[in-house]
Colleague: 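The structure that follows is given in the form of structure tokens.
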Amino acid sequence: MMDVKRVISTIERKYIKNNLKKEERLDGRGLWDYREFKITPNFVAAAEGSADVSLGETRIITGLKYDIGTPFPDLPDEGVCTIMAELIPLASPLFERGPPDEQSIELARVVDRGIRHADCVQTKKLCIEAEKAVYILFVDMYVINYEGNLIDCGGVSALTTLISAQLPEGKWNGEDVEWTGGYFTGKDIVNELPLVITYGKIDDIIFLDPDLPEELVCDGRISISSTEEKITSIQKSGVATFSFDEIKMLCSKSLEIGKKLRKDLNLWQYKANIE
Amino acid sequence: MMDVKRVISTIERKYIKNNLKKEERLDGRGLWDYREFKITPNFVAAAEGSADVSLGETRIITGLKYDIGTPFPDLPDEGVCTIMAELIPLASPLFERGPPDEQSIELARVVDRGIRHADCVQTKKLCIEAEKAVYILFVDMYVINYEGNLIDCGGVSALTTLISAQLPEGKWNGEDVEWTGGYFTGKDIVNELPLVITYGKIDDIIFLDPDLPEELVCDGRISISSTEEKITSIQKSGVATFSFDEIKMLCSKSLEIGKKLRKDLNLWQYKANIE
Amino acid sequence: MMDVKRVISTIERKYIKNNLKKEERLDGRGLWDYREFKITPNFVAAAEGSADVSLGETRIITGLKYDIGTPFPDLPDEGVCTIMAELIPLASPLFERGPPDEQSIELARVVDRGIRHADCVQTKKLCIEAEKAVYILFVDMYVINYEGNLIDCGGVSALTTLISAQLPEGKWNGEDVEWTGGYFTGKDIVNELPLVITYGKIDDIIFLDPDLPEELVCDGRISISSTEEKITSIQKSGVATFSFDEIKMLCSKSLEIGKKLRKDLNLWQYKANIE
Amino acid sequence: MVLLIKDEYPEKLFQENGKRLDGRDKKELRPIKMEVDVLKNADGSAYIEWGNNKIFAAVFGPREVHPHHLSKPDKGILRVFYRMATYSVFDRKRPAPGRREKEISMIIADCLEPVLFLELYPGTAFEIFIQVIDADGGTRCASTTVASLALADAGIPMKSLVTALAVGKIDGELVVDLSGIEDKAGEADLPIAITWFNDEISLLQFDGEMDLSELDTVLKDAKEAAKKIYEIQVNTLKNKYISIQNNIEKEKGGED
Amino acid sequence: MVLLIKDEYPEKLFQENGKRLDGRDKKELRPIKMEVDVLKNADGSAYIEWGNNKIFAAVFGPREVHPHHLSKPDKGILRVFYRMATYSVFDRKRPAPGRREKEISMIIADCLEPVLFLELYPGTAFEIFIQVIDADGGTRCASTTVASLALADAGIPMKSLVTALAVGKIDGELVVDLSGIEDKAGEADLPIAITWFNDEISLLQFDGEMDLSELDTVLKDAKEAAKKIYEIQVNTLKNKYISIQNNIEKEKGGED
Amino acid sequence: MVLLIKDEYPEKLFQENGKRLDGRDKKELRPIKMEVDVLKNADGSAYIEWGNNKIFAAVFGPREVHPHHLSKPDKGILRVFYRMATYSVFDRKRPAPGRREKEISMIIADCLEPVLFLELYPGTAFEIFIQVIDADGGTRCASTTVASLALADAGIPMKSLVTALAVGKIDGELVVDLSGIEDKAGEADLPIAITWFNDEISLLQFDGEMDLSELDTVLKDAKEAAKKIYEIQVNTLKNKYISIQNNIEKEKGGED
């Protein structure tokens, strides 16, 4: 595996750090600014839901497929929603061929946890017949271009995919599941809209939405998922350490930034329209 | 992986090419001559059908095993016939240990396609009870010695194996499959006898049945499967390109060579004899 | 993979060999002495049976888990007991990460065979309902420290684990298995107490219970399992050859040493106590 | 129990008015849209929408070969990695690349290599990553076509572009550019690629049953249809250079 | 049909007397026992029993990096391999390491690296193997704690020890040191590690739902509880040196 | 639902006339046929038919070791790859080599190594590939026997040939050369190999139950039976050299 840290020279590292100290970033953003989000829902005809989402030059195309299976014995009336990520070498010379590596596992896990613990996907609505048949949703993210902060781009990509979903509606006929002829949609499945927000840290400077050079030189990152009022997931990665006060400040900031972003993106506009 | 092209020296390459230009081959054959086929059916006692087939020094021993399984939902009254190839290092220093490589996948696929699209294996006869139980046939080819043109040798080996097959006959008893006490044979399964015929190309010279040195120096190959009157499969491999006229000529030649070979081999003689 | 033989210098090899010729060993033992066994049963709370066994500095912690499954069709009234071994790199710089290698396969197989052929685990008692439901036992050995002779340590560790077992008792209710509320224990499962005894050979010197340096320099080993009166399994490994007379002598010695060890260890004291 | 709606094949592949199910005539292509330079991190890239197919191709190279023992002292190597997204097909594909994907990768590599001058790049590799995001029949041909465009976008010297499409037989009729449903429910499928520098065939597969005269006809149809696709490829590249030139002139204008 | 006894969650996680199911108060830790130098073949090792958790850690290094291409010319690398025994959990774990184990390995490595001076060991690796023999909630924290002890036992220069534990919310109440059942049936789980040299947080994960004031409280509780665990770590190391010293003095005495 | 005809074991393994099911006496071997030099691409090769067993062995070496780190500076290494064809057994074997095949490979290597002079070939490898095409009990012994022949065919210096066979106990009686059915339905199985240069045992496995006197008897029977097989091995090699000599003389005759 290539050591991604090496592709950034020491000079570049210093330059980025010094700029951040002056609260300046290479692309002109302030410390607490996001790059622009661009969203195309329903990009994939073969999928039951999909989204092509860009955050600056980072681009992730996500699709949803479903399967019908038996529920887990300890959750007999709940469906399942799994999230996977592929960091394909097409997206960056930094990505290797082969089975999912640590970075893709992290992307899938952090996006999944942000969604799972926020009452976002109403898994009980994915139940067709308790103990017999539930929907299993596969939300698969493909990174098409990598320019830093996959997590926040992936979070919006996965959420938009779920909102855009349109699944054939099944009913239990006593023996088997059959199609009612109708559909149910993201509106029926998705409840809360949790957003995951990632910060980088270099020395004692913290900043929102690291782009690729920033990600390569930073000591660590922290991703915080939240709904309107609550923090629902936190993941620190890398070798940076954070003081207790910094953590408190970032949790507070995440609620604030999340509220604004939720309003700006207005993801419900992407729900499937069926009469 | 070893690069097989390197084992042939530039001098050898020139020599083979110059000979071919003069329509001469190292082993004395003409451009459109096959090496000799030798066939021993029912070589393997543990298999339900088998054949030990040599084409010159190339030798492939194929065996058939079966299983009983549930049919695919979209083909509820058809059995399944799968073809696999193993290029084991015993057969040549050019073969590597490890999972099937490109060459073994190609061998299995080309032989499979030649058979699949020619109405050769009558998959409906492999059905015991629609939606419930069908035969699954495994036709597994082991290359024992490699001296070029595995595909044509494998084609005859797989076909002879199917013809020599003798399977216990099952019937559906409402719940399960049970043995009738009888057997059915290759004669019941095999309909058409498609033969796959392979040509090599070096520069603008095309020739039948490449042996190992020819295979190692040629720019590409084309394998054409046909029944008495129809082309049923084509596979071009390697970096050679063929003109439209060459393709037409080779299709026509394949029907002609196939007809003769089918008569010479007389494969039906190898069918299992059961009264 | 590291070549374990290389870590011992030629000088050390000579020294060990010369000592053995004088019937002396580095740790002061005689040729036919075992290092000390130390046994802690029920070490693992999460397992249905377990044992922490040391033989000198060699230490193996074994645990038992169970599953309920359908019996094999040819053994409709017998449960299954499988034995696995993991040689984890924590235990020795000689162990590599990765899938089980030859040494761990050998450990599991030799321990398994010693048990399997001695009527030790009464697989018929692991049947809940013939053709429907049987216990599947997983006896998994983890090597925690490696100082030679894993096999004899593993044999005692696996056997103690089985004796210490305490499994919820199932009954067949016509459709499914349900818990009776009771338990059955190692006493119900284990019949014979086979012990596996391993000898090393250097040149023409044979000795009991090789420690790590002896194992690294010896030409081969032989492991002999026996019950009170019968030999139940033999496994020779390494490149040593044994004369016919040596084999006879070792079989006889194994019965004798086994009898004494069985008495000294008194493994039945570790059975689960349930009223 | 797997999916509620089954991937069933229609009984007929022609409508009563003689048109194909998607309204096309027998020799009509599906709508095709191409773009180049779509992925910033690649040395060259292209994107194609062909019917419902949506495919990205990225080219990297010439660069070092990993693992090193695959490199050749006398020429560069071309490696193609064709991959389908799990959600690009009716039944979710398993994430790990399957045999089919490896086989198609090899076929596309063989088919593109004749137009490259690999002997000029000893010891190095060109790597083409192809990602099928949405699949609807003919992905190997669309992938070949878009990969050839990505090679051109990377500025790699080529003898010519390569164009591929699938022709075949459905309900007994010869047609060009099989759609997904026609590919599955039809009788014969013949993917073909043409290297324009010598007007020859560099990819040829066939599965089905045809006599010699049918084959003859269908090959002719294929070549005609390929020419139309080739024009789209050329125009896509031209537009890129026009747009670059416009930018340059704009900048010059700005400088004045 | 899998297991006869199900891994069911209780309805309530507090008893009527306000104690937790295992009899603890909200801010009470489970019993913790540590030992160092328990594995003869490692450069350093430690063992922890924390509630029902039983975990070994072995440190090797600085040593050569396999495979070599992972080594870094400017600093040493830290590799952590966290593994669970198949029998350490209620449902037998499959033997091959899963994604969860790889993820936790990475998290522990990130969390320990800040206390090491890796820049002093260019081109080499420290490898920590962690084996969970018995698991009962909070294994990643217990593993971090015991691994830090094993590093110290190996005599590797460290800025400080690292201490980790999980705090969380069960039945609406904030508690420290979640047990296995509390982890599964509770509402929120927050594993945290503290690097004492700077009093900062080097591992932080959270899953559940908390508002800002709850988070504030639970972080304070975590720090207080971590201090108690830290004392056990320090005493374990002290006892080792006392015991070594005693042995030396005994020997000296013997010499007299 | 798997196979229609079950792989069932007979109740008795002796017929009423005291003969074994295949008509043999207790100390009688199955028919054995050997051939050498059967695979043109190998440095040495051999083929054996032993009852229904059909096995090929190919020897390559001394040659370079791949991967290189397996090579030893002070001696050559012997690697054996024992593989069974999927169709060689009653229930189709999965194509990938299983644990059993790897274990038997190791056992055969250990058992052949004593007759080789590996110290004369530092840094190189001898590789023996064994392919079981048809299996009927005793494949590891037949494989050892045929591999030793392939080594001799390759002209590799050897202290002696190696001969292996399985003896055992069926229906309470000691017999030599267990057939497939006897191996599965019998009570004890003892594969053994003899290195003739020292008349010692280089492979020994045993599974079953025997007291010391039974073991004593069965080992003696094994040695006697092995001698008969050894003669076939020697004759097979002799015939090869006779046939080569005949060819040379024919050629000489031709030259005259």
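The structure presented is a predicted model; accordingly, all values stated were derived computationally and were not measured. Residue numbers begin at 1 in each chain, while the letters A, B, ... track the order of the sequences.
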Colleague: Rounded to the nearest 0.5 Å, what's the gap from CD on A:E86 to CZ on D:R83? Could you check?
Modeller: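 Taking CD in A:E86 and CZ in D:R83, the distance rounds to 9.5 Å.
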Colleague: Decide yes or no for A:I88 and D:F129: does some side-chain heavy atom of the first lie under 4.5 Å from some side-chain heavy atom of the second?
Modeller: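 In short, these two side chains do not touch, never coming nearer than 4.5 Å.
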Colleague: May I ask you to test the A:V44-D:S88 pair for a side-chain heavy-atom distance under 4.5 Å?
Modeller: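 The answer is no; the side chains never approach within 4.5 Å.
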Colleague: Do other residues, nucleotides or ligands put more than 12 heavy atoms under 6.0 Å from A:F37 CZ?
Modeller: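 Counting neighbours around CZ of A:F37, more than 12 heavy atoms of other residues, nucleotides or ligands fall under 6.0 Å, so yes.
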Colleague: Report, as yes or no, whether the 6.0 Å neighbourhood of atom CD on A:Q269 holds more than 12 heavy atoms from other residues, nucleotides or ligands.
Modeller: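 Yes, the 6.0 Å shell around CD holds more than 12 heavy atoms from other groups.
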Colleague: So do A:N145 and D:F56 actually touch side chain to side chain, heavy atoms under 4.5 Å?
Modeller: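 No - every pair of side-chain heavy atoms lies 4.5 Å or more apart.
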Colleague: Restricting to non-hydrogen atoms, name the atom on A:L64 and the atom on D:Y87 that form the minimum distance, rounded to 0.1 Å.
Modeller: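 Looking at all heavy atoms of both residues, the closest pair is N-CB, 4.5 Å.
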Colleague: Nearest 0.5 Å, what's the CZ-NZ distance between A:R59 and D:K40?
Modeller: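 Spacing of CZ (A:R59) from NZ (D:K40) equals 10.5 Å.
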Colleague: Highest number of heavy-atom pairs under 4.5 Å with chain A: which of D:A85, D:A42, D:G180?
Modeller: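 The candidate making the most pairs under 4.5 Å is D:A85.
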Colleague: Donor-acceptor pair, A:Y142 side chain versus D:T86 backbone, under 3.5 Å?
Modeller: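 Yes; at least one donor-acceptor contact below 3.5 Å.
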Colleague: Please examine the side chains of A:D52 and D:I133, heavy atoms only from C-beta on, and report whether any two atoms are closer than 4.5 Å.
Modeller: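 Heavy-atom side-chain distance check fails, nothing below 4.5 Å.
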Colleague: Can you find a pair of side-chain heavy atoms, one from D:R63 and one from A:P93, that are under 4.5 Å apart?
Modeller: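 Yes, side chains in contact.
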Colleague: Name the option with the most non-hydrogen atom pairs under 4.5 Å to chain D; the candidates are A:A45, A:S50, A:G170, A:S92.
Modeller: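 Among the listed options, the one with the most contacts to chain D is A:A45.
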Colleague: Check this for me: A:F72, atom CZ, are more than 12 non-hydrogen atoms of other residues, nucleotides or ligands nearer than 6.0 Å?
Modeller: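 12 or below, so no.
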Colleague: Where the side chain of D:K54 meets the backbone of A:F43, is there a donor-acceptor pair that is under 3.5 Å apart?
Modeller: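 Yes; judged by distance alone, with no hydrogens or angles, the pair exists.
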Colleague: Side chain, backbone, both or neither: which part of D:P95 has a non-hydrogen atom closer than 4.5 Å to chain A?
Modeller: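 Both backbone and side chain.
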Colleague: What closest approach, in Å, do A:A46 and D:D134 show between heavy atoms, and which atom pair accounts for it?
Modeller: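 Between these two residues, the closest heavy atoms are N-OD1, 3.0 Å.
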Colleague: Kindly check if the number of other-residue, nucleotide or ligand heavy atoms within 6.0 Å of CD (A:E169) is above 12?
Modeller: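 For A:E169, atom CD is crowded (more than 12 foreign heavy atoms under 6.0 Å).
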Colleague: Would you mind reporting whether A:I61 and D:Q131 have side-chain heavy atoms less than 4.5 Å apart?
Modeller: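 No, too far: nothing below the 4.5 Å cut-off.
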Colleague: Honestly, is A:K65 close enough over D:F90, meaning NZ or CZ under 6.0 Å from the six-membered ring centre and within 45° of the axis?
Modeller: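 So A:K65 does make the cation-pi contact.
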Colleague: Do any N or O atoms from the side chain of D:N41 and from the backbone of A:Y146 form a donor-acceptor pair under 3.5 angstrom?
Modeller: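 Such a contact is found between D:N41 side chain and A:Y146 backbone.
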